[in-house]
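What follows is a short report on a single structure.
Since the structure is predicted, the reported quantities are computational estimates derived from the model, not experimental observations. Indexing begins at 1, ligand by ligand and atom by atom, following the structure's order.
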Amino acid sequence: MGSIDSLIRKNIRSLKPYSSARDEYEGEAAVFLDANENPWFAPLNRYPDPRQRNLKRIISELKSVPAENIFLGNGSDEAIDILVRAFCEPGTDNIVSIDPSYGMYEVTAAINGVEFRKAPLAEDFSLDAVAIRELVDGNTKMIILCSPNNPTGNSFSQGDINELTGWFAGILVIDEAYIDFSPHSGFLPWITEGSTLVVLQTMSKGWGRAGIRLGMAFGSTEVVGVMNKIKPPYNINMMTTREAIKTLGRAGEVRLRVKELVASRDWLREQLGLIPSVQKIYPSDANFLLVRVDDADSMYEFLKEQNIIVRNRSTARGCANCLRITVGTPAENESLLKVMRNYKIKG
Ligand SMILES: *Cc1c(COP(=O)(O)O)cnc(C)c1O
């Protein structure tokens, strides 16, 4: 307990959180005149549950994690922002992460006035523990990793993470946005009481619900407690909650779609490998492929002219001439291949 408490920003440690009407009375009264709501237009006239109990109960069962170890955010982007605000003192503390990875970590650190340090990945995009260790100092409150990593697609091993937790006493965040596509089981089972590990997941990718904005953070009771303390009280709205519950109830169907996408990804890899302008396709545990081509800018423009948009990642470290291609429907994948096969004619 003591060790996590000492990681929390001073002003947050002493913060007395806002107590909403729905926090102060949680029973099943017949008449609610406590929150200045309009009595008409039910049910959306009411504020949503600030503790998201129903939704957390379902996620808890699905993930085998107690509800008190779950934080829900308006996308994982909100969870990342809240983690930075809970633990990192602006102007003093720093965050160490990896390069290349998801751009939001650096932006969020910058918005919060927190120094962001990037340890290059090895050439094969594996974790370089020495590079990370070199950047960590007494003011490093947080290490952020992403596994499977975006945009590289690879996962980090249990050995890699074990090595880090062996010596790093701050908050270790592992973003598992793509875990549903991965053969690895991920790091949820590593969260124990008193641990400083935070695992992020989301409904935006495998669950196919990017539009509802629901991110999940899993951590020890203390870490989740401080996140809940500083979140906006009603950050998960009723429509998101309702749609999330519906989608989580169709877990079997969603799993089948994920399996299909993984099969499509492997098929797409084979097909892309036959195209002469494709130089290398990196291994992927996610729903995208990082593909090195002869000339990424020109291929990107060529695809765009045919109304196919991929992500040009050529300016990311170690990703020269790389496009990040999301796996689509079989028809979309065929359209992509058709255009890419024609590329040599133009080039
Ligand atoms: C897509 C993605 C997310 C999802 O963020 P949401 O805010 O939950 O939509 C998180 N992390 C990474 C690395 C991603 O690529």
Check this for me: does any side-chain nitrogen of one of [X] and [Y] sit under 4.0 Å from a carboxylate oxygen of the other?
{"X": "Glu115", "Y": "Arg117", "value": "yes"}
{"X": "Arg22", "Y": "Glu37", "value": "yes"}
{"X": "Asp23", "Y": "Arg51", "value": "yes"}
{"X": "Arg209", "Y": "Glu243", "value": "yes"}

key: Tyr105 ring center near Phe116 ring center (under 6.0 Å)   = no

Identify the closest protein heavy atom to [atom]: which residue and atom is it, and at what distance?
{"atom": "atom 3 (C) of ligand 1", "result": "Lys205 NZ, 3.4 Å"}
{"atom": "atom 5 (O) of ligand 1", "result": "Ser76 OG, 3.2 Å"}
{"atom": "atom 12 (C) of ligand 1", "result": "Asp175 OD2, 3.4 Å"}
{"atom": "atom 7 (O) of ligand 1", "result": "Arg213 NH2, 2.6 Å"}
{"atom": "atom 15 (O) of ligand 1", "result": "Tyr178 OH, 2.6 Å"}

Within a distance under 4.0 Å of any heavy atom of [X], pick out the atoms of ligand 1 and give their elements.
{"X": "Tyr105", "result": "13 (C)"}
{"X": "Cys146", "result": "13 (C)"}
{"X": "Ala177", "result": "2 (C), 3 (C), 10 (C), 11 (N), 12 (C), 14 (C)"}

ask   = Going by atom types alone, do Gln52 and Asn235 pair a side-chain donor with an acceptor below 3.5 Å?
value = yes

request  = Indicate, as side chain, backbone, both or neither, the part of Ser204 found under 4.0 angstrom from ligand 1 when only non-hydrogen atoms are considered.
outcome  = side chain

query = With backbone taken as N, CA, C and O and side chain as the heavy atoms from C-beta onward, which portion of Asp77 lies under 4.0 Å from ligand 1: side chain, backbone, both, or neither?
reply = both

ask   = Is Arg53 atom CZ crowded by more than 12 heavy atoms from other residues, nucleotides or ligands, each under 6.0 Å away?
value = yes

